[in-house]
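Here's the structure we're looking at; comments come further down.
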There are 2 protein chains.
Amino acid sequence: MASSVGPSRARKVTLRDVAQLAGVSVATASKALNGRDEVSEETRRRVTEVAERLAFTPNTLAQSILAGRSGTVGLLTNDLDGRFSLPILMGAEDAFGAGQMSVFLCDAREDAIREQHHLKALLGRRVDGLIVVGSKTDPRPPLGSKVPVPVVYAYAPSTDPADSSVVVDNVRAGRAAVEHLLATGRRHVAHVSGDVSYSAARDRAAGAGAALAEAGLDHVGPVRYGSWSEAWGRAAVAALLDADEPVDAVVCGSDQIARGVLDALRDRGVRVPDDVAVVGFDNWEPMISGSRPGLTSVDMRFQDMGRRAAERLFAALDGSDHPGVEAIEPRLVVRGSTVPEA
Amino acid sequence: MASSVGPSRARKVTLRDVAQLAGVSVATASKALNGRDEVSEETRRRVTEVAERLAFTPNTLAQSILAGRSGTVGLLTNDLDGRFSLPILMGAEDAFGAGQMSVFLCDAREDAIREQHHLKALLGRRVDGLIVVGSKTDPRPPLGSKVPVPVVYAYAPSTDPADSSVVVDNVRAGRAAVEHLLATGRRHVAHVSGDVSYSAARDRAAGAGAALAEAGLDHVGPVRYGSWSEAWGRAAVAALLDADEPVDAVVCGSDQIARGVLDALRDRGVRVPDDVAVVGFDNWEPMISGSRPGLTSVDMRFQDMGRRAAERLFAALDGSDHPGVEAIEPRLVVRGSTVPEA
DNA sequence: AGCGTGCCCGAAAAGGGTTTCGGGGACTTT
DNA sequence: AAAGTCCCCGAAACCCTTTTCGGGCACGCT
């Protein structure tokens with residue numbers, strides 16, 4: 001007879017229902033369920049039993065409205081399809097999930113209008129704080145001064161240094177790559193990077209250059225900027241080898257470029273790592289796992305960055321965060337493309 | 001003197017504040033801001049002006065508690081680091097974002113305990129519905145019968161056929177791959193796939209086999225199951241060519257395997273697509289963009305799947321969804337690995 | 001027996017917004 | 001001028017939970 005309307009339209013069971021069925025007042029029911037000691041064991045038992053039977057779940061909305069804190073956080077990303085925001089998001093989810101926070105996810109797609117729209121919705125829902133995830137390392141304008149909750153920027157820092165930001169350290173990453181190459185005996189280091197309009201490309205090159213300079217060296221040829229693609233890596237190798245300068249190492253602006261470089265070197269019969277060592281950035285699984293030999297790469301620790309952003313947001317919530325830009329230290333992962341595999 | 005505590009601890013401005021400052025009652029303020037016509041234009045103007053000035057944002061929590069609908073949905077994923085959940089999630093975010101829904105993101109990491117924990121939290125927050133995203137196409141146990149809101153399963157269907165599920169059609173995808181190969185004149189089709197414990201691997205092989213059978217053909221050799229990796233693709237090519245049976249096409253269980261197959265064929269001097277055609281599945285950008293030649297692949301349309309799941313959830317919300325499993329039709333994307341590029 | 005003392009429990013307010021309903025003021029009509 | 005009508009506005013209830021405060025009841029002590 002299908003007397004119930006729809007699949008699951010049962011009115012939500014409320015504390016009043018529980019109280020009524022247990023024969024106590026709502027106040028008592030509340031106290032019983034929340035473990036307050038102003039209630040007898042016998043009553044508590046009866047109330048909890050009824051709550052269990054009705055599958056009662058306290059309405060967090062009502063609790064939030066009362067407490068003035070919602071226990072929710074907004075995660076405002078601009079790059080949901082990208083590689084960077086996802087691990088960050090995971091790290092944040094991780095850090096929050098441990099506690100009692102729930103996470104609102106919003107993708108603004110690099111659109112400032114959409115971002116403001118989402119921001120407004122989140123503030124309406126009374127999020128306790130916000131994490132803003134960028135898609136590039138280049139600084140971005142802050143959300144606006146009128147945001148009444150703490151904000152932490154991840155990956156892309158705010159242009160305002162007084163905001164809280166957590167970023168990767170591209171300069172240091174470039175330095176780490178070169179220091180590893182120097183330590184393993186390389187002296188002729190070329191550099192193939194991505195789009196020069198990205199600060200990530202320029203910063204990594206700057207770090208690499210600085211490390212070379214400290215050893216009294218310089219890049220072989222100019223830093224070759226191009227695009228963040230395998231095709232560019234392959235094309236760059238052609239140009240590099242045709243230039244006929246000795247090269248025993250290539251620093252690549254990303255793992256994808258490195259993959260192209262590796263493939264092109266293999267095509268040309270150049271042995272890796274014997275003749276030329278190759279280093280990438282990001283330690284990106286899909287590129288790493290298939291490459292021959294395994295690609296040495298600088299891991300930017302996106303997930304830790306997300307976790308750290310969440311931690312700082314927590315700190316900001318109880319006022320113990322001091323704002324500013326914090327850099328995550330990159331971590332070199334050595335594989336067969338720079339050191340012969342055992 | 002820093003009399004304010006913390007960076008932005010201003011008490012939230014409430015409707016009462018607006019009303020007071022505008023010299024009207026809360027009731028009138030509410031009506032003015034919500035466009036109800038029981039208020040004079042003059043009053044409305046004054047109220048909106050004050051609201052604007054105070055940056056008043058109505059407390060959605062309070063509205064929700066009253067309306068009995070929160071305007072939020074839970075997105076319960078198990079594979080936040082994976083390739084599948086993300087586009088699904090984007091599609092869903094997309095479909096919701098258009099309206100007034102906000103999305104709670106939770107990653108259960110394949111852990112049933114954690115899933116239940118998140119579920120409870122989401123129900124406490126009175127989500128209006130749930131989308132559950134799996135990490136494999138294999139059916140999964142439903143959340144539980146006691147869930148008082150509509151649920152749509154995406155990618156991994158519920159084992160209960162009476163639940164609402166949106167899945168990819170792997171059989172059809174396998175068929176599409178083979179039909180394309182047959183249409184372009186191939187007759188000797190080998191099949192290299194991933195982990196046999198995945199229904200995705202088996203279903204794609206089944207679809208491919210069926211299409212071959214209809215043409216009076218069969219796979220060259222057995223379907224070679226292995227792992228979802230480039231390395232396996234390379235290894236399989238070695239075995240395949242050593243078997244010394246004629247092969248003019250290889251269907252690969254994933255783009256990653258296909259990438260390995262392409263690389264190994266190139267190493268061995270086999271021309272693609274002239275001598276052998278290669279097809280992959282998933283149309284996964286990172287693998288596609290770098291491959292030589294461009295990889296023909298069957299796009300499973302994850303994003304559309306996510307969007308569809310969101311649409312069905314909407315339908316379920318107003319009772320117009322009829323449950324059951326719905327399959328998304330895959331789409332073949334032809335590139336240079338099966339047809340010579342112009 | 002009377003008084004004091006705990007122990008449980010319930011009434012009520014709070015929190016922010018929406019909605020219903022009634023009332024008051026101004027304007028029109030006779 | 002009195003009566004009727006219409007238009008705005010405000011008081012109050014409601015949603016669900018927590019918390020404070022006061023009251024009632026039983027028991028012990030003198």
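In what follows, chains carry the letters A, B, and so on, assigned in the order in which the sequence lines appear, proteins first and then strands, with residues in each chain numbered from 1.
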Just by protein heavy atoms under 4.0 Å, how would nucleotides 21-27 of chain C read 5' to 3' in B, S and -?
-------
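Note on A:Thr28: a base of the nucleic acid sits closer than 4.0 angstrom, heavy atoms only. Counting non-hydrogen atoms under 4.0 angstrom, A:Ser30 reaches a base of the nucleic acid. Counting non-hydrogen atoms under 4.0 angstrom, A:Thr43 reaches the backbone sugars and phosphates but no base.
Looking at A:Arg312, its side chain does come within 3.5 Å of a backbone N or O of A:His322 through a donor-acceptor pair. A donor-acceptor pair under 3.5 Å is formed between the side chain of A:Ser64 and the backbone N or O of A:Thr60.
Regarding A:Arg45, its CZ atom lies at a distance of 15 Å from the P atom of C:dC8, rounded to whole Å. Taking atom CZ of residue B:Arg36 and atom P of nucleotide D:dG10, one finds them 15 Å apart after rounding to whole Å. One atom, CD of A:Glu41, and another, C1' of C:dC9, lie 15 Å apart when rounded to the nearest Å. The distance between atom CZ of B:Arg126 and atom P of D:dT17, rounded to the nearest whole Å, is 6 Å. Here D:dC8 presents its P atom at 10 Å from CZ of B:Arg44, a figure rounded to the nearest Å. Residue A:Leu33 contributes atom CG, which lies 8 Å from atom P of D:dT18 at whole-angstrom precision. As rounded to whole Å, 17 Å separates atom P of C:dG16 from atom CG of B:Asn34. Atoms CD (A:Glu42) and P (C:dC8) sit 12 Å apart, rounded to a whole Å.
In this pair, B:Phe96 and B:Phe314 present their aromatic rings perpendicular. The plane angle is above 60°, beyond the 30 to 60° band. Between A:Phe84 and A:Tyr155, the two ring planes are parallel [angle under 30°; tilted spans 30° to 60°].
Partners of B:Thr72 under the side chain to side chain donor-acceptor pair (under 3.5 Å) rule, at least two apart in sequence or in another chain, are B:Ser70.
Distance from the side chain of B:Ala27 is smallest to D:dA11 among D:dA11, C:dA14, C:dT18. When the nucleotides C:dG16, D:dT18, C:dG10 are ranked by their closest atom to the side chain of A:Leu66, D:dT18 comes out on top.
Here the options are A:Val147, A:Val73, A:Leu75, A:Leu313, the test is side-chain contact (heavy atoms from CB on, under 4.5 Å), and the partner is A:Leu130; only A:Val147 passes. Residue B:Glu115 forms a side chain to side chain donor-acceptor pair (under 3.5 Å) with just one option from B:Lys120, B:Arg109, B:Arg140, and that option is B:Arg140. Screening A:Arg53, A:Arg46, A:Arg45 against A:Glu49 for a salt bridge (Lys or Arg N to Asp or Glu O under 4.0 Å) leaves a single residue, A:Arg53. Applying side-chain contact (heavy atoms from CB on, under 4.5 Å) to A:Tyr153 and the options A:Val167, A:Ile131, A:Asp163, A:Val166 leaves one that passes, A:Asp163.
When the side-chain nitrogen and oxygen atoms of B:Ser40 are compared with OP1 and OP2 of D:dC9, one or more of them lie within a distance under 4.0 Å. B:Gln63 has a side-chain polar atom (N or O) that falls below the 4.0 Å cut-off from OP1 or OP2 of C:dT18. Note on B:Thr14: every side-chain N or O is 4.0 Å or more away from OP1 and OP2 of C:dG16.
Sequence order on DNA chain C of the closest nucleotides to A:Asp37 and A:Val26 puts A:Asp37 first from the 5' end. Residue order along DNA chain D, read from the 5' end via each residue's closest nucleotide, puts B:Val24 first among B:Ala62 and B:Val24.
Remark: A:Phe56 in residues 50-57 of chain A come within less than 4.0 Å of DNA chain D through at least one heavy atom.
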Would A:Leu89 and B:Leu105 count as a side chain to side chain contact (heavy atoms under 4.5 Å, CB included) here? Give the steps.
CA-CA 10 Å; A:Leu89 198 148; B:Leu105 175 70; 3.1 Å; yes
